[in-house]
> 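Pasting a structure below so you can have a look.
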Amino acid sequence: MEKNIETIVVTRHAALVELLRERGIIGEGARVIEHASPEDVRGKHVIGVLPLALAALAASVTEIPLRLTPEMRGKELDLPTLREIAGEPVTYKVEVL
């Protein structure tokens, strides 16, 4: 990732933000938003999960893959649980063809 491109985090999960900070992926002052618009993501590095149409506007999108069980889906997860189920970050570049 280029250092001069702004990074934002798109998530509504406070524990995920804590995990990102704990892993050194973001700093304390990182911009965190719950819902993204095209203007929010255009040309930026985004950490989170985006619809493909928004991901295509971003410079790149990084996700933290989670090994969720069916019982975990749709529930707020705490930091200890995220530490157990979170994989290594994966960065994507999405293009419209």
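Count residues from 1 along the sequence. What you see is a predicted model; the values in this text were computed from it and never measured.
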> Distance check, rounded to the nearest 0.5 Å: His45 atom NE2 versus Lys93 atom NZ?
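Nearest 0.5 Å value for the NE2-NZ distance: 9.5 Å.
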
> So which heavy atom on Pro65 is nearest to which on Val90, and how close?
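Nearest pair, atom of Pro65 first, then Val90: CG-CG2, 4.1 Å.
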
> Mind checking whether Leu20 and Thr11 have side chains closer than 4.5 Å, heavy atoms only?
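Not touching, per the 4.5 Å side-chain cut-off.
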
> How would you list, by chain and number, every residue that makes a side chain to side chain contact (heavy atoms under 4.5 Å, CB included) with Ala30, sequence neighbours excluded?
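For Ala30 the side chain to side chain contact (heavy atoms under 4.5 Å, CB included) partners, ignoring immediate neighbours, are Ile26.
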
> Under the salt bridge (Lys or Arg N to Asp or Glu O under 4.0 Å) test, which residues partner Glu76, sequence neighbours left out?
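With neighbours one apart ignored, the set is Arg12.
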
> Looking at side-chain heavy atoms only, is the closest gap between Val46 and Ser60 below 4.5 Å?
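Val46 does not reach Ser60 side chain to side chain.
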
> To the nearest 0.5 Å, what is the distance between CZ on Arg67 and CG on Leu82?
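Result: 11.0 Å between the selected atoms.
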
> With sequence neighbours excluded, tell me which residues meet salt bridge (Lys or Arg N to Asp or Glu O under 4.0 Å) with Glu63.
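Listed in chain order: nothing, the list is empty.
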
> Should Val49 and Ile47 be counted in the same cluster of Ile, Leu, Val, Met, Phe, Trp and Tyr side chains packed under 4.5 Å apart?
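Looking at the clustering, Ile47 is in a separate group from Val49.
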
> Under the side chain to side chain contact (heavy atoms under 4.5 Å, CB included) test, which residues partner Glu22, sequence neighbours left out?
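Listed in chain order: Leu19, Leu79, Arg83.
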
> How close do Ala36 and Val41 get, counting heavy atoms only, and between which atoms?
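Shortest heavy-atom contact: CB-CG1, 3.7 Å.
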
> So do Met72 and Leu77 actually touch side chain to side chain, heavy atoms under 4.5 Å?
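Yes, close enough: below the 4.5 Å cut-off.
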
> Provide the closest heavy-atom pair for Ile5 versus Gly43 in the form atom of the first, atom of the second, distance.
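Closest heavy-atom pair between Ile5 and Gly43: CG2-O, 3.1 Å.
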
> Could you see if Leu57 belongs to whatever hydrophobic cluster contains Ile8? Use Ile, Leu, Val, Met, Phe, Trp, Tyr and a side-chain cutoff under 4.5 Å.
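Leu57 and Ile8: one cluster.
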
> Of all residues at least two apart in sequence or in a different chain, which pass the side chain to side chain donor-acceptor pair (under 3.5 Å) check with Arg31?
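Checked Arg31 against side chain to side chain donor-acceptor pair (under 3.5 Å); matches are Asp40.
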
> Flag yes if Val10 and Leu66 sit in one hydrophobic cluster, no otherwise; membership is Ile, Leu, Val, Met, Phe, Trp, Tyr, and two members link when side-chain heavy atoms are under 4.5 Å apart.
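No.
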
> Could you grab the distance from atom NZ of Lys44 to atom CD of Glu39, nearest 0.5 Å is fine?
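With rounding to 0.5 Å, NZ (Lys44) is 9.0 Å from CD (Glu39).
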
> Who pairs with Glu28 by side chain to side chain contact (heavy atoms under 4.5 Å, CB included), at least two apart in sequence or on another chain?
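Glu28 satisfies side chain to side chain contact (heavy atoms under 4.5 Å, CB included) with Arg21 only.
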
> Can you tell me how far the CG atom of Leu68 sits from the CD1 atom of Ile85, to the nearest 0.5 Å?
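With rounding to 0.5 Å, CG (Leu68) is 4.5 Å from CD1 (Ile85).
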
> How is the hydrophobic cluster of Leu97 composed, in terms of its other members, when Ile, Leu, Val, Met, Phe, Trp and Tyr link through side-chain heavy atoms under 4.5 Å apart, directly or indirectly?
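Under the 4.5 Å side-chain rule, Leu97 groups with nothing.
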
> Mind checking side chain to side chain contact (heavy atoms under 4.5 Å, CB included) for Pro89 and listing every partner two or more places apart, or none if nothing turns up?
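Here the qualifying residues are Arg23, Ile25, Thr62, Ile64.
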
> Apply side chain to side chain donor-acceptor pair (under 3.5 Å) to Glu95 and list each qualifying residue two or more places apart in sequence or on a separate chain.
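Once residues adjacent in sequence are excluded, Glu95 has no partner under the side chain to side chain donor-acceptor pair (under 3.5 Å) criterion.
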
> The criterion is side chain to side chain donor-acceptor pair (under 3.5 Å); which residues satisfy it with Glu71, sequence neighbours excluded?
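Side chain to side chain donor-acceptor pair (under 3.5 Å) check on Glu71 returns Thr69.
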
> Other members of the hydrophobic cluster containing Val96, with the 4.5 Å side-chain heavy-atom rule, please.
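Under the 4.5 Å side-chain rule, Val96 groups with nothing.
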
